[in-house]
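Here is the structure we will look at.
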Amino acid sequence: MRTAGRVRVRDRLAASDPGLIRLTAGLRTVTAIALTLAVLAALRVPVPQLVAGAMAAMVATFAVREKQRGPQAVTLALGLPVALASGSLGALLGQRVVAGDLFFVGLIFCAVYGRRFGDRGTALGLIGFQIYFLSLFVRATTSALPALYGVICVAFACSAAARFVLLPQTPAGTLDRLRRAFRARLAQLLAAHAELLDAGPDEAEKVLEDLRTRTARLHETALLIQGRLEDGTSDPAVARLLQRRIADAEIAAERLGLLLLTARSARRTDTLTLHLPGAPLPSGGELPVRDEATAALRRDLRALRLLMLRPAGEASGTALSQVRNRLLGYREEENLPDASPAVQDVFRGLGEAARAALGLRLALDGPQDESDDSPATARSREELDAEDAAIEISEESEPEEPGPTGLKRPTTRAAVQVAVGSSLAIAGGELLSSQRWYWAVLTCWIVFINTASTGEILVKGYRRLLGTVLGVVAGIGLAGLVGHHTWTAFALVLLFIFAMFYTAPLSYTLMSFFVTAMLGLLYTLLNTYSASVLVLRIEETALGAACGVIAAAVVLPIHTDRRTNDLLVAVLDRLADVTRGAVDQLSGGTGGDLVEQARGLDQALADLRAATQPLTHPITPLRSRRDTARYVVALLETCAYHGRSLAATAELLPTHPSIAADPRLRGACRRILHNIETIAAHVADPRAGAEMETGPSIASMLEPGTLRTPRYGRVTDRVLRHLQRLDEAVSGLARPLGVAGGPAQPRK
């Protein structure tokens, strides 16, 4: 029982924090700080130097972002002289107002501009800026420089010990944890499927929202895995195989959810239902509770979830083999139960999901015992083996397009903007406080990190201000409770630092709250705490955020509309590439590296989703614009799902016995590609004159023959269904984007 409990806790933790990336970041930073404090306390240094050491250890740990241990060590080694130089200049120029301010602005420009040189340039710029800020925070002087040097060296050494000795993390280990997280999130999605099966009218909408959330989380984990395959695996063929199996499992799980929704309703469910927040559940009632087929479906959903969660060593045995064989048997028509066509479709979907689960298990855990295989399971294994053998790594790479130069380069533009904003923040900050003006500069700097448009900077500034206000309230209360209990305060500082790193990817407001509460404790340790100091922190934060927004809006601005339009065109271009490549391959041609093209589509869509946050934020006053942005993103997610499904089906063509190339598909796809290109042209230039094409359904465009509407479950019919839904989703983009020609009528 204890082992089972530990497994459940581990699975939940893996699902909530894929790869344990947030947990590792928080623990490593806290460990580095705690080790630094222990060493400095043993040396009996004063409290201000303890604070400096804690902050330096934090910077040295979180600034280094490379995935491989070798580059991490090089960056950390280069960061030490940068930190020493920056601390020296901070102490030398801290009392020279004009020279210090000019240097600080120049340092900020160089730190942001360094992002163009990748993770190392970003890390060194961050270290330089933060250590200069540290010297201002602890009011370092030239006479105290030798002690500051020692503190910084201890901090970097402790950071290296935490990173490479106490809490080592390798790309392979992270990828392995991400694989477990994918399994756990896939099991959570299957649990939502089971809940949907039994949900009554009153709870169906909530279950549907859970289904959307878990589908999105599964896709998020798949993207994380794709981003770490290259570093986490030494064999490109293994990386490609794993990427293929992850995509298959994701598509099969999403398809199963759609089939369940269809079985509950009186008509076929639109794919948009799974992607549009707030979309109502399709009408039509619920499945019969006591129906024999429904009971079997309920049992098999639980069985599929169990098989997905069990590690290879625990998934052996006659009982589990029988469960696996039964699920894979649903891929054969003669094994389907006597039920309505919609419910039979769900059983077919179960069979395909079981096949994807088997492929994922083989890719993750290697060969397994085949002695208990049924004929259906043996055929599935043969298909998977044939697909594995057919996977080839393309040695050709597309030439990289030349990027923008000069002021058009994002890093140059951001560096100029943040330098102007910081200059404003310095001027205004000194009017508020000649001692703590640097808080305004820090906020201005931070709101530019990982942002690319005025809207993103505005939202980030708002979140930082809100978190700061809440953190000030908490800081005032904690300062009164802790008083001068030094080690209690440091313990709380460590707790808040861990919470800061653990919550940073989830909520910028929460992160700002923990930062501000931590600073209240640090001020207490430095004997500079007062309520007026924390109120000043709010004022400086508001000023810094305002300066950042003003600089972004006036100096070389990138408006949210322009950025989202550029990213929308990129998504449409990737969608056209995936669709064209998949249909070319299904028509008898060569579609190129479809797996990589699908990955590019997913990444482009993720970038667009992030860029539309200012438009979809709850505080936006433009409600109709917010709804339109959500609707467009949901339609694009629907398009991406069908594009991925087409690419996955096309990849099966060389090995799957039920798929035959048909050149007529290329002609049937022409309208879809024309409409995608028309929408992209209109978004790029609203004066473009091309119009959308409408017409009969994709299936009716094909003459009777090999693709004559076969029974559902055959891959040829699935191709037609994906093309039809893709055609409808692309046409549906015309109306909200104002493209001439109008959308085709949806076909249910």
Side-chain angles (χ1 to χ4, degrees), residues 29 33 36 48-63 79-80 82-97 99-112 114 122-141 144-145 148-149 151-152 155-156 159 415 418-419 421-430 432-449 464 468 493 497 500 511-512 515-516 518-523 525-526 528 533 536-537 540-541 543-545 547-548:
T29 305
I33 295 172
T36 301
Q49 292 182 21
L50 287 175
V51 172
M55 295 181 68
M58 180 176 69
V59 173
T61 305
F62 79 75
L80 179 57
V82 170
L84 295 175
S86 184
S88 301
L89 290 168
L92 291 170
L93 300 176
Q95 303 302 318
R96 295 171 173 81
V97 178
D101 291 350
L102 290 175
F103 175 78
F104 202 11
V105 172
L107 175 63
I108 290 170
F109 176 89
C110 294
V112 176
T122 302
L124 295 179
L126 190 59
I127 289 172
F129 172 84
Q130 293 286 1
I131 297 299
Y132 191 91
F133 172 83
L134 165 64
S135 67
L136 297 177
F137 181 78
V138 299
R139 300 180 183 180
T141 61
L145 276 179
L148 183 62
Y149 291 160
V151 165
I152 291 175
F156 270 72
S159 176
V418 74
S422 298
S423 300
L424 296 174
I426 289 173
E430 295 217 15
L432 288 175
S433 170
S434 60
Q435 298 296 320
R436 295 182 175 86
W437 53 268
Y438 44 76
W439 288 121
V441 182
L442 179 66
T443 299
C444 182
W445 152 278
I446 287 178
V447 297
F448 275 94
I449 295 176
R464 183 169 182 82
T468 299
V493 166
I497 288 175
M500 175 180 69
M511 188 202 77
S512 300
V515 169
T516 305
M518 174 194 70
L519 289 172
L521 293 171
L522 292 180
Y523 277 130
L525 291 170
L526 293 172
T528 56
V533 168
L536 177 64
R537 161 102 169 126
E540 296 279 3
T541 298
L543 175 65
C547 291

Side chain to side chain contact (heavy atoms under 4.5 Å, CB included) between Met500 and Thr29, intermediate numbers included:
CA-CA 10 Å; Met500 175 180 69; Thr29 305; over 6 Å; no

So Leu134 and Val59, side chain to side chain contact (heavy atoms under 4.5 Å, CB included) or not? Walk me through it.
CA-CA 10 Å; Leu134 165 64; Val59 173; over 6 Å; no

Taking it one step at a time, do Leu442 and Phe129 satisfy side chain to side chain contact (heavy atoms under 4.5 Å, CB included)?
CA-CA 9 Å; Leu442 179 66; Phe129 172 84; 3.6 Å; yes

Determine, step by step, whether Phe133 and Met55 satisfy the side chain to side chain contact (heavy atoms under 4.5 Å, CB included) criterion, reporting the C-alpha distance in whole Å, the side-chain angles of both residues, the deciding distance to 0.1 Å, and the verdict.
CA-CA 10 Å; Phe133 172 83; Met55 295 181 68; 4.2 Å; yes

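Atom CD1 of Ile131 is separated from atom CG of Leu89 by 12.5 Å, given to the nearest 0.5 angstrom. Taking SG from Cys110 and CG from Leu124, the interatomic distance works out to 12.0 Å, rounded to the nearest 0.5 Å. For the atom pair Ile426 CD1 and Ile108 CD1, the distance stands at 6.0 Å (nearest 0.5 Å). Rounding to the nearest 0.5 Å places OH of Tyr149 at 11.0 Å from CG of Leu80. Here Ile497 contributes atom CD1 and Ile33 contributes atom CD1; the two are 3.0 Å apart, rounded to the nearest 0.5 Å.
A distance of 6.0 Å or more separates the ring centres of Tyr438 and Phe104.
Contact check for Leu92 versus Phe103: no side-chain heavy atoms found under the 4.5 Å cut-off. You'll find the side chain of Leu536 stays beyond 4.5 Å of the side chain of Trp439, heavy atoms only. When side chains are defined from C-beta on, Phe62 counts as touching Leu126, because their heavy atoms get closer than 4.5 Å. A heavy-atom distance below 4.5 Å is found between the side chains of Leu522 and Phe137. Residues Glu540 and Thr443 fail the side-chain proximity criterion, which asks for heavy atoms closer than 4.5 Å.
Listed for the Ser433 side chain is no donor-acceptor partner under 3.5 Å among the backbone atoms of Gly429. The backbone N or O of Thr468 lies less than 3.5 Å from no partner atom in the side chain of Ser512, so there is not a single donor-acceptor pair. Checking side-chain atoms of Thr61 against main-chain N and O of Ala57 turns up a donor-acceptor pair under 3.5 Å. With hydrogens and angles ignored, the 3.5 Å screen pairs no side-chain donor or acceptor of Ser159 with any backbone N or O of Ala155.
Considering every non-hydrogen atom in both Ser88 and Leu145, the closest pair reads CA-CD2, 3.8 Å. Contact detail for Gly87 and Ser135: the closest heavy-atom pair is O-CB, 4.0 Å. Of all heavy-atom pairs between Thr36 and Gly53, the closest is CG2-O, 3.6 Å. The minimum heavy-atom distance linking Gly428 with Leu543 is given by the pair C-CD2, 3.2 Å. When every heavy atom of Leu148 is checked against every heavy atom of Ala140, the shortest pair comes out as CD2-CB, 4.1 Å. Here the shortest heavy-atom pairing between Ala52 and Val138 reads CB-CG1, 4.1 Å.
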